[in-house]
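If you read the sequence from its start, that first residue is 1, and numbering goes on from there. Remember, it's 1-based here, ligands and their atoms both numbered in the order they're listed.
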Amino acid sequence: MSTATTVAVVGGGASGTLATAHLAEAAARAGTAVEILLIDPQPPGAGVAYGTTDPRHRLNVPAKAMSAWPDDPGHFVRWLRRHVACDFPEAGFAPRLHYAQYLAGVLDAAVNRAPAVTIRPVEHRVTDLRPIGRRLRVSLDDGTHRAADAVVLATGYGSPSDAWAPAELRRAPQFVADPWRAAPPALTRGDEIVLVGAGLTAVDMAQTWGREGVRVHVVSRHGQLPLAHAGEPQPPISPRVEPVPTTLRAARRLVFDAVRAAGGDWRRVVDGLRPVTAELWQALPEHERAAFLDGPVRRWDRVRHRLDPAVAAWLEQRRADGSLQVHAAGVAAAERGGRTVRVTLTDGTVIDAVAVLNCTGADIDPRRSADPLPMNLLDHGLAQPGPFDLGYATEPDGRLRSSDGSRPAVWTIGPLRRGALWESTAIPEIRSQAAALADRVVAALPSPRLNRRPRDPFGLPLSTSTGAGAAYAQALGRLLRVQSGAEELVSAAVRLDPGFALGHAALALLGVEWGVEVDVDAALRAAEASAGRADERERRFLEVATARVREPGPDSAAVLLSYVQAYPEDALAVSIAVPTIAFGGATELPAEAWALVEGLASAYGDHWWYLSLLAFVRQEQGRYAEAAELAARALAVEPAAGHAVHAKAHIHYETGDHRAGLAWLDQWIAACGARASHRAHFSWHAALHELALGDDAAVARRYATELSPPDVGGVRALVDSASLLWRSRVVSATVPGAIEDVLRAVPPRLLAEPATPFVGLHAAVALAAAEDCRGLARLRRWAERQPDGPFPRTVAPLADALCDLTHGDPDRALTTLLALPDVDRLGGSAAQREIVEETLVHCAIAAGRPEIAADRLHRRLERRNSPRDRGRAAALPAVQGRAASR
Ligand SMILES: Cc1cc2nc3c(=O)[nH]c(=O)nc-3n(C[C@H](O)[C@H](O)[C@H](O)COP(=O)(O)OP(=O)(O)OC[C@H]3O[C@@H](n4cnc5c(N)ncnc54)[C@H](O)[C@@H]3O)c2cc1C
C-alpha cells in the first residue's frame, strides 16, 4: 500500500471529477505533493447525468451556469464555443454528453497545472472504507486495497427505488428497473411504452424510447411534466430573506410575496432563491421539513428543475399528436404476457406495454442501497444516514459524521449532502462544494513528517517509536520465515517502548499460540495499560489477544477471523489464524483454511510469504504441480521461507517422491534449518521419507540426532517426536527412542487437557506409545466433557481405541477406528492425520483382518508410491493372491 500522501476520490461522475480538479488546484496552491486516486469503473465526468450518449438529452441548466469554476462562470461557454459551436449561446442548453467531455478536459488541464499532483484512475468499485491508524483503507471490488490519508465520497445517485411496482411487474422482462443502465430494444410501429414518473428522467426516456410510431405513456400521481425554462432567461431576483423563515407557511409566504413583487415571474425568483436554499432548509425545524417532503416538494421540484424550452416544445408537440400521453395515476396491477406486459393504472387505463421504465428518479437513501459500500459504511458506523435518509449525515463542511463521534478524514459532496443542504445536486452548488472541500482536504493532509510513523512489513502503521517498530518488523520477519527468536525481538520492542500496546499484545499471543515462554498475563496487562496510545486497528488486535488468551477455542477463533477479515494485511494475525507448521489456526475444517488463504490474494499479491501459504494449501488440495510452482517462486525470493519448505516437504511425501524429498530436505535443514523455529518438524518430515523408504536405521539415526529430547521439547516433542515413535512402531515394529524421555519433555497439561483436537490426537498416540492406559482413559474422559465437536466425536473414541489396542484387543480397537468420524476436523496436515490410518492398518493386521489393511494400503499406493507400503501389502498373509491380482 502506497505511503505517498494520498487522497481517494470515490466516484468519478461530475462531483468526483470536479472535486479532483479542485483538489489538484488546491494542492498546487498549497505546494503539497499529493497522489489522487480517482476510483470509478466509469470514465471521469460521466456519472448518471452526463454518461448518456443521446445528444437529445440536454442540460437543464443554461451553459453560463455550468462552469466547473465558481470564479470563472464563462469557462464552459468558452469550451462549447471552442469544441461545439463557435456561437453557442450562453443561455443555451447543451447536449449533456458534451458536459462529460468538458469535465474530462477540466480535469486534465487542472492536473497539467499542478506538477506535484498525480492522478491515478482506478477502474473499480469501492466496497468498503475503514480507518487504519491515521489513514483509511479503501477496499475495492477485486479484493485489493488502497491506503489514503483522506477520502472524498462522490458516489452520487443509487439506482431508483422500485418499491412502488407490483411484484408481477418487477418480475416482468419488460420492466426496466434502472433506465440509465438499459438501452431500448427493437421497437416497432404501434408499440406502447410506459414511463413511471414524470420528471427529467422520464423526459429523457421519452426522447430515447419514443421512436416514430411508438406511443409513450407517462404515468405519475400528479400527472404533471416538468416545466420549461424561459425562452429568454432573465437574471434571477433574490428575495430579501430576513428574518429567515422558520415555518413552511412563512417560507411559502416569502416565495409568493417575492413572485408577486417580480410581477409573477416565478422563474427569476426560484433562481434567485438558489443561493439561499440551503439556509432556508436548515432554518426549518425537522417537522416543518418533513411537512415539506410530504407534499410541497413535488411542486418545488417542478419549478426548480426545469427543461430546455426546446425539449419542452418537443414534448408538447408529442402530446398534441397523441404519441405521448400523460396519466395522473399510479400502476395498480400488471400481468405478464408474451412480448408485452399488461399494465392497469389506478385510473382504469390498461396498456399492453413492450417496456415499463422506472423513471421515479435516482435514490440517495443509503439504507436502501444494495451497493456494498453504503451498506458497510452504515454497518460499521463510519457513516450514518442523513436527515430524512437523504445521503449521509455530515458536518457543515461536508465531513462525514460517524456514529461513534470520531471524525474520519472522509468528506462527501453533491447529492449525498442533500439531507443537510437540500440544494446540493446541481453543478452550480457542486462546483462550490468542490472548491471549498478541496482547500479543507488539502489543509487536513498529514505533513510529510507526520507520515513517518513506523509501519510493519505490509504497511500497517505501528503506534510506537521507530526503534521499537523496527524490532517488531524484524520479529514478524522471523515469524513469516518460521524462524525462532521472534519473541525475543518483540520483547526487545516493548523494552524500547513500554507503551507499545500492539507489541505487548503480540507477545501475549505468541505465548499462547506459538508456545514460547512468555508471561502472558503480564504482557496482556501491559497492553491494556497502553491501549490509550493505540489506534483503532491496534485496539482491535488487543481484543483478539485478550480473547485468545482468556477463552481459547471457537469463540475466540471467531474474534480472530473477523479481525483478519477487517485487517487482512496483518500478517501476524493471518499466521495465527491459518493452521500451519507454526500455529494451530482458527479454522476447523481444512476447506475453511483454504478459503481463508485464497481470500487473501489481493492483500498480499505475490509476496513470497503469501505464495508459501498458498503452496501449502494447494498441496493439501492435492494440486501438487501448482503447489510446487508456488513454493519454488517463494523460495527463489526467500530461501528461508519456512512455509514454502514445509509445502515442498508435503509435495514430495504425498507424491511418493521420497528419495528426492529426503535429499532436498537434508540440504535445506543443513543450510537454513539452524534458524528454523520448528526445525524438529522438518526432521519429522525427513524421517517420514526414511520410514516410507523402509530405512529404519536412518529413522533411528535421525531420531537420535534431530528429534530426541532435550533438543526437542514442548509441543514439538509431542507432535513430532512422540508421533514418530508411535508411527515407527505401528508401521515398522521398531521404536527408535524412549517415549518416557519424550513425555518428560512435554508439559503434562498437553497430555491431559489438550487445548485443540490437533494436540488431542497427538496426546492420544503419545500415551499409546507409552502404553499409558490410565492416561488414555483420563484423556477420553476429558475429551468427552468438551463441547460437541472433534473432541467428544473423534479424540475420545480414538483414545478408547488406543486403550483397547494397548490392552491387547486390536479387534475392538479396529472396530472403533473403522467408525471414527471427522478425522479431517482434527486439524494439522493430511500427513499428520495419516497416523490414524497407520494405526488402523496396524490393528487390522494384529486382529487378523489383512483384507482391511490391504484395502487401505492399496488405496494409498494408488495415490502415491511407498516401498514400505508396497512391502507391507505384499507381506500380508491371507490376501497375498488377491493383492497381486489388483
Ligand atoms: C438525468 C440527470 C440529468 C441532470 N442534468 C443536470 C444538468 O443539466 N445540470 C446540473 O447542474 N445538474 C444536472 N443533474 C444533477 C446531477 O446531480 C449533477 O449534475 C451531477 O451529475 C451529480 O453527479 P455525481 O457525480 O454526484 O453523481 P453521479 O452522476 O451519480 O456519479 C456517481 C459516480 O460514482 C460512481 N460510483 C458509485 N458508487 C461507487 C463505488 N462504490 N465505487 C466507485 N465508484 C462508484 C458511479 O459509477 C458514478 O460514476 C442531472 C441529474 C440527472 C440524474
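Remark: Arg267 engages no residue in a side chain to side chain donor-acceptor pair (under 3.5 Å) (not counting sequence neighbours). In this structure, the side chain to side chain donor-acceptor pair (under 3.5 Å) partners of Arg368, at least two apart in sequence or on a different chain, are Asp363.
Taking the ring axis of Trp422 as reference, the NZ or CZ atom of Arg418 stays within 45° of it and closer than 6.0 Å to the ring centre.
Within the 4.0 Å heavy-atom cutoff, Trp180 counts among the residues contacting ligand 1.
Closest to atom 53 (C) of ligand 1 among all protein heavy atoms lies Val48 CG1, 3.9 Å. The protein heavy atom nearest to atom 34 (O) of ligand 1 is Gly11 CA, 3.3 Å. Nearest non-hydrogen protein atom to atom 10 (C) of ligand 1 is Tyr50 OH, 3.3 Å.
Close approach of ligand 1 to Gly13 (heavy-atom distance below 4.0 Å) involves ligand atoms 25 (O), 31 (O), 33 (C), 49 (O). In the vicinity of Asp204, heavy-atom distances shorter than 4.0 Å reach the ligand 1 atoms 1 (C).
The minimum heavy-atom distance between Tyr392 and Ala383, with the atom names listed, is CD2-CB, 3.7 Å.
For His98 and Gln101, the side-chain atoms include at least one donor-acceptor pair closer than 3.5 Å. Looking only at atom types and distance, the side chain of His57 has no donor-acceptor partner in the side chain of Gln207 under 3.5 Å away.
For the residues Gly47, Ala19, Ala46, the heavy atom positioned nearest atom 31 (O) of ligand 1 is part of Gly47.
Polar contact with ligand 1: absent for Thr201 (N/O pair, distance under 3.5 Å).
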